[in-house]
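Here the structure comes first, spelled out in structure tokens, and everything after it is commentary.
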Protein chains: 2
Amino acid sequence: MSETTRRPVTMADVARHAGVSRSAVSFVLNDRRSVSIAEDTRDRVLAAAAELGYRPNAGARALAKKQSDWYGLVTEIVTAPFAVDIIKGAQDRALVDEKYLLIASTESDPAAETAAIERLLEQRVEGLLYAATWHRAVEIPEIAREVPTVLVNCFDAEGRYPAIVPDERTGGRRATERLLAAGHRRIGFINLDPDIPAAVGRLVGYHEVLREAGVAPDEKLEISGHATADGGYTAASALLDLADPPTAIFCANDRMAMGAYDAIKERGLRIPQDIAVIGFDNQELIAAYLRPGLTTVALPFEQMGARGVDLLAAIIAGQSTGTGTVTVDCPLLERASV
Amino acid sequence: MSETTRRPVTMADVARHAGVSRSAVSFVLNDRRSVSIAEDTRDRVLAAAAELGYRPNAGARALAKKQSDWYGLVTEIVTAPFAVDIIKGAQDRALVDEKYLLIASTESDPAAETAAIERLLEQRVEGLLYAATWHRAVEIPEIAREVPTVLVNCFDAEGRYPAIVPDERTGGRRATERLLAAGHRRIGFINLDPDIPAAVGRLVGYHEVLREAGVAPDEKLEISGHATADGGYTAASALLDLADPPTAIFCANDRMAMGAYDAIKERGLRIPQDIAVIGFDNQELIAAYLRPGLTTVALPFEQMGARGVDLLAAIIAGQSTGTGTVTVDCPLLERASV
DNA sequence: GTGAAAGCGCTAACAT
DNA sequence: ATGTTAGCGCTTTCAC
């Protein structure tokens, strides 16, 4: 309001304005129950703060408390917008504890990644979250050991860090169960590159359920394709051209399901009347817009992000040892392709 | 290395270890050219810092310099992962100036948005970037006025903030030009909700180019649909069932193009041999995976993010008045649908 | 050229 | 119950 330069108002200003000491101001503003402040003083302080438009300086507070209230999130997700919900989940969960997320986006360049973590540490983050776009083993820069670290949607081969990962196996089970429930017995499975965790987990689930239902897995119905629409098209074509084709196809991801739709439609077949399709990932853009809508198993990104922060907070609080892997369920999302 | 508690090493430690004063350390570590430090002293300090594993405390530095080196980015993008590249572009550009981005994700709840900005201001961000998922007019909380603010992929109705937006008109031109160049004269246009900036801009471009080529716009070829695959399917069907159907369709977004593909294929027509399709947005997931690959006009998200930071930095440096709108070009991306 | 000293805005012992 | 005071880790002016 004054004509002079707009110097940011500090706690000292509030104290002066209210006619109390700085610590008194600190106490009431932080609502410290331990020390009792006269109701009257309290009100004066609050009024002064409001009147002056006081806004706490988070940095100064962090310095004094030796606690930044930040978690660092290093991830490639910003670059490859598949699992963004991890960020959302983590952010929302962090806010509950009044913690903030400092996001460092990386792109699989180890040197850049180390530099990014270095910057995060300079900001004195209390812990680190390391999140990947797709479930896989990752190499964590050694420097990450300096603070509690939890992995999300990935894991380290040596198992030195706690990790949050999707339950691929149960996901594979759910998809297969759904198809079985719809009366299908010949269920084709278009899998991903057989080496990745998603492929092995989903296949195990598929096999388990088939066997439990008394259906002998048929190797001719299992085929692995390139994880793209083209890959799905090719694989689905092969399946459909079998002498004894499947009546349902479980695609290990939605992109492949997209290609499978093409192969099916090309043959004049209808979904789901003539052949049922089920996907995996619940990639909105595809699953929701495909015609008919694709029934698919969802990857629980948001929950994984939240669980990651949960675990990180527990480790920092000393309530968790910070080891082991937690697995998050992949629910089935019904649309119209089964 | 010591057995004692791991107290973070400070500048004082480095000074002591090197046998110099704290200010000397500060000078060499910040490479202050103004004061000359003996080469020898310099080396000792550097060695001490390295040996002790000194890591500067960004917060303390910010407090002393009264400069946080942060920009706040408030956006709904994290929630709706369409324009994520804005974040990437902004982040990369900020890093060039050794500035960091504090990302606050919002979801169109004004109160929450104000609270988020409030938090950003408590962190003493030097400026604000406000980014939207889709090009539109937005309401900026009044509190944003406290620091330099620039809008990205959106604008405020009153024009009080500088904004970076895509050049929709030129985008519309490019698509139409491409189709014309392929020999088409009857070009259908499936537009978005006619009220939004993208729709008006793209339509203007389409008309301009048509007229310039001596083709009279035909209202029967212009139709606006729901911005989804279903909407595209319906609109394309209508176009294809015309007595004199178009030989090419310009879809104002890729999702609608996805639906258009279905309508076209259903009729046994081939893309692009029988009918050409061009999209808008370059939504990788769709455009790249559609069969055949979709030729489309790209939204320059990454550049817009970078330009946003550029402008913000200029405003903060006093090199720009911080008004006006800058428009970023939308390039054509050739794939195989024309 | 180098170092002492005074902050930056806040918290939390410790006195009163 | 309230206020005084000493830092938190760093920058920077100003003597030496």
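Throughout, protein chains are lettered first and strands after them, A, B, ... in sequence-line order, and every chain is numbered starting at 1.
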Checklist entry - If only side-chain N and O atoms of B/K66 are considered, is one of them under 4.0 Å from the OP1 or OP2 phosphate oxygen of D/dC10? => result no
Checklist entry - A/S26 has a side chain; which of C/dT11, D/dT12, C/dG3 sits nearest to it? => result C/dT11
Item to check | Salt-bridge present (B/R145, B/E158; N to O < 4.0 Å) | outcome: no
Next on the checklist: Can you measure B/Q67 atom CD to C/dC8 atom P for me and round it to whole angstrom units?
Outcome noted: 17 Å
Checklist outcome for this item: Separation of C/dG3 atom C1' from B/R44 atom CZ, nearest Å, is 13 Å
Next on the checklist: Measure CG/B/L29 against P/C/dT2 and give the value in whole Å, please.
Outcome noted: 15 Å
Next on the checklist: Output the rounded distance in Å from NZ (A/K65) to C1' (D/dG9).
Outcome noted: 18 Å
Checklist entry - Quick one: is the NZ or CZ of A/R22 closer than 6.0 Å to the six-membered ring centre of A/F27, and within 45° of its axis? => result no
Item to check | Rounded distance in Å - CZ (B/R55) to P (D/dC10) | outcome: 12 Å
Taking only N/O atoms, report every protein-nucleotides 4-7 of chain C pair under 3.5 Å with atom names and distance.
{"from": "C/dA4", "atom 1": "N6", "to": "B/S23", "atom 2": "OG", "distance (Å)": "3.2"}

Item to check | Rounded interatomic separation in angstrom, taking CD from B/E122 and P from C/dC10 | outcome: 10 Å
Next on the checklist: Tell me the interatomic distance from A/D40, atom CG, to D/dT2, atom C1', rounded to whole angstroms.
Outcome noted: 13 Å
Item to check | Test: A/E142 and A/R160 ion pair at under 4.0 Å | outcome: yes
Checklist entry - Taking the inter-plane angle between the rings of B/W70 and A/W70 on a 0 to 90° scale, is it parallel (under 30°), tilted (30 to 60°) or perpendicular (over 60°)? => result tilted
Checklist entry - Looking at D/dG9, C/dC10, D/dT11, which one has an atom nearest to any side-chain atom of B/L63? => result D/dG9
Item to check | Centroid separation B/Y161 to B/Y130 less than 6.0 Å | outcome: no
Checklist entry - What nucleotide among D/dG3, D/dT11, C/dC10 has an atom nearest to a side-chain atom of A/V20? => result D/dG3
Checklist entry - Under a 4.0 Å N-O cut-off, is there an ion pair linking B/R42 with B/D31? => result yes
Checklist outcome for this item: Assign each of B/G19 and A/M11 the nucleotide of DNA chain C bearing its closest heavy atom; nearer the 5' end lies the nucleotide of B/G19
Next on the checklist: Any side-chain N or O of A/N57 below 4.0 angstrom from OP1/OP2 of C/dC8?
Outcome noted: no
Checklist entry - Would you call A/D85-A/K88 a salt bridge at under 4.0 Å N-O? => result no
Next on the checklist: Between P on C/dG9 and CZ on B/R61, what's the gap in Å once rounded to a whole number?
Outcome noted: 17 Å
